[in-house]
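For this chain, numbers begin at 1 and follow the sequence in order.
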Amino acid sequence: MAVGDAAGGGVRRRQRGCSCTKADFFPEESFSSWSAYGRALRSTGARLADRLTSRSLESTELHEVRARSGVDMKRDLTWWDLVWFGVGAVIGAGIFVLTGQEARDAVGPAVVISYVVSGVSAMLSVFCYTEFAVEIPVAGGSFAYLRVELGDFMAFVAAGNILLEYCIGGAAVARSWTSYFATLLNHHPSDFRIHASSLSADYSELDPIAVVVIALVCVFAVVSTKATSRFNYVLSIVHIAVIIFIIVAGLTRADTANMRDFMPFGVRGIFSASAVLFFAYIGFDAVSTMAEETKNPARDIPIGLVGAMTLTTALYCVLAVTLCLMQPYGSIDPDAPFSVAFADRGMDWAKYIVAFGALKGMTTVLLVSAVGQARYLTHIARTHMMPPWLAQVHPRTGTPVNATVAMLVATAIIAFFTDLNILSNLLSISTLFIFMLVAVALLVRRYYVSGETTDANRNKLAACIAAILATSVATATCWGVDVKGWVPYAVTVPAWFASTVCLWAFVPQARAPKLWGVPLVPWLPSASIAINVFLLGSIDSKSFMRFGIWTAALLVYYLFVGLHASYDTAKALAAESALAAKVEEGDGKPAQGVVHNGEY
């Protein structure tokens, strides 16, 4: 049943059940008729200015926004669940496929250093995510964090890239699943794909098996989060056992001569591979989206996130060393490197165990990704930046069925057509961009509180953050265009350091974390910004072109749909709050503080 229309916006909120009507997709006043939509378009400039400066309140995200799903998600996850969700989300196609691709073509045996660089970047981002997830335990993850600290517009840009990250990440894993499935059945990794000669080379290898796998994962994801968790950590334990087997058995066939040419592609190869191999760490942010379903977020989330990332980084480095000791880097297979390595070293039987373990790992990655991406989309839809139909939580399963199905349909379409190399590069850009924004948001959270921070301190904060970003971009640009010599870096790196020192020395922190906080602020988030931006500078230009096209498409959608829907919803919420305050005051006086400095 629907409650009464909210004043000012005509936004209806359903309390239970999943339906499919126009009101579920476009309940806002701006879409009530063509004339209303025309009026909304004519107000685009004013509305955009409003949304650019609007920042959501924590209480809004935790209560009013979450209530728009009608039914609460079930709180039944512990730190044990989160650790295994983290391991299951991360260890998959990255280590089992991209290790071979990058070791052979980009970095050689120094791939282990590339994993260390990517791991450091990922761990810095883990710390930033953890503080937000503990303080704002909602399903929206980084979208909710950015909406609170950087405002609606930046949150939407990030939201679009979050959804892209999950879609192409799931598609890449599903295509890798097909490759290892083929080796398990004693076929070449590409044998089960269909070649369509009429399509572009990057989109001509059609993968129907990937589509079937994604459909099966969708069924598991919509049934129950707790049941998914149990299934996930059983698979993850089996997966860890297989990884230990790969390490032990692989080292028995080690040849140290394979490591003599350790850096055949130089330092540039290490960082170029690091940017792509960051794909192997993607997935931990899905754990932060489960904060709303966690029993004790303050304890469980730090243990779950940091524990999973530490274990994952250690395993990645040992696996990379093992692979490069087994084969010369030029002989490593790019599609199923570990299986082929065992076969070439006379352990043909072992390739079946490896393929089985890889399939287990990729299955858990797909499963956790399906759970995480649906919760991101659910929270984005709660704000009406996407149709609110996607925010509905099924009353029986307690899961966001609509969002889960929608995301996995998009993932299946991408997986059917697109080559893994395109997916991994584009995914790394999207993810590094989001992680950089989360680090910026953490600095804003610690150093700025509306109504308390002075104008002078606010301006110093903005100048310091701008300087940190500018110096990071300058360093990445010098690297990306291959500037010769060390002189440019002798300018940009000390300038980044000086910018961080100024923030540390001259801007007082305005807020202390209530439950768990990132250590070494501002140094840790500033370092996260720098390394994420630097890795962006190592990605190829074609991937940036695809990223630009996607971002442009997002902006078109926002200006014509998302802006007006979220504007109406925000104003309706402000009007409801004002009405409730008047009723509580009982004297008809205007409520104070409903909208303050663009916050609602």
Side-chain angles (χ1 to χ4, degrees), residues 92-106 164-218 276-277 279-280 327 329-344 348 351-352 354-356 358-363 365-366 369 407-430 539-543 545-547 549-550:
I95 185 64
F96 283 111
V97 178
L98 293 181
T99 305
Q101 175 184 299
E102 295 304 305
R104 190 186 74 166
D105 300 331
L164 176 67
E165 169 197 331
Y166 274 104
C167 281
I168 62 181
V173 174
R175 288 184 69 89
S176 300
W177 199 100
T178 301
S179 296
Y180 268 93
F181 182 64
T183 63
L184 185 64
L185 299 183
N186 214 26
H187 282 262
H188 186 272
S190 298
D191 280 356
F192 293 163
R193 296 195 178 99
I194 301 168
H195 181 69
S197 56
S198 60
L199 298 177
S200 169
D202 291 331
Y203 305 94
S204 61
E205 297 295 323
L206 309 184
D207 197 335
I209 291 178
V211 175
V212 173
V213 171
I214 290 170
L216 292 175
V217 165
C218 181
V276 176
L277 291 174
F279 170 87
Q327 277 189 305
Y329 73 88
S331 302
I332 294 174
D333 185 83
D335 292 315
F338 287 94
S339 291
V340 174
F342 275 105
D344 287 351
D348 199 62
K351 75 177 184 180
Y352 300 107
V354 174
F356 176 75
L359 290 176
K360 288 280 189 183
M362 292 179 210
T363 302
V365 168
L366 286 170
S369 175
M407 286 295 291
L408 289 176
V409 167
T411 302
I413 292 171
I414 295 172
F416 187 62
F417 291 101
T418 314
D419 181 73
L420 177 64
N421 189 50
I422 290 176
L423 293 173
S424 59
N425 281 334
L426 186 56
L427 178 62
S428 293
I429 290 181
S430 181
I539 295 175
D540 65 281
S541 58
K542 286 186 178 179
S543 295
M545 289 173 61
R546 296 184 185 105
F547 178 74
I549 292 170
W550 170 251

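Atom CG of residue Leu206 and atom CZ of residue Phe417 lie 6.0 Å apart, to the nearest 0.5 angstrom. The distance from atom OG1 of Thr99 to atom CZ of Phe338, rounded to the nearest 0.5 Å, is 5.0 Å. Atom-to-atom distance recorded for Ile168:CD1 and Arg546:CZ is 10.5 Å, nearest 0.5 angstrom. Remark: Tyr329 OH to Asp105 CG distance equals 10.0 Å, nearest 0.5 Å. For the atom pair CD1 (Ile429) and CE (Met545), the distance works out to 11.5 Å, reported to the nearest 0.5 Å. Note: Arg175 CZ to Ile414 CD1 = 11.5 Å, rounded to the nearest 0.5 Å.
Between Phe181 and Val213 there is no side-chain heavy-atom pair separated by less than 4.5 Å.
With Thr411 as the fixed residue, the side chain to side chain contact (heavy atoms under 4.5 Å, CB included) test singles out one of Ile214, Leu366, Val211, Val173: Ile214.
Shortest non-hydrogen contact noted between Ile332 and Ala103 is CD1-CB, 4.0 Å. Taking both residues in full, the closest heavy atoms of Trp177 and Met362 are given as N-SD, 3.3 Å, listed atom of the first, atom of the second, then distance. Of all the heavy atoms in Ala210 and Thr178, the pair that sits closest is N-OG1, 3.5 Å. Heavy-atom minimum distance, Gln327 versus Pro337: OE1-O, 4.3 Å. Across all non-hydrogen atoms, the minimal contact from Met407 to Cys167 is CE-SG, 3.7 Å. Phe192 approaches Ala182 most closely through the heavy-atom pair CE1-CA, 3.7 Å.
Residues passing the side chain to side chain donor-acceptor pair (under 3.5 Å) test with Arg193 are Ser179, Asp207, sequence neighbours excluded. Asp348 is linked by a side chain to side chain donor-acceptor pair (under 3.5 Å) to nothing, counting only residues two or more places apart in sequence or in another chain.
Atom CZ of Phe356 is surrounded by 12 or fewer heavy atoms from other residues, nucleotides or ligands within 6.0 Å.
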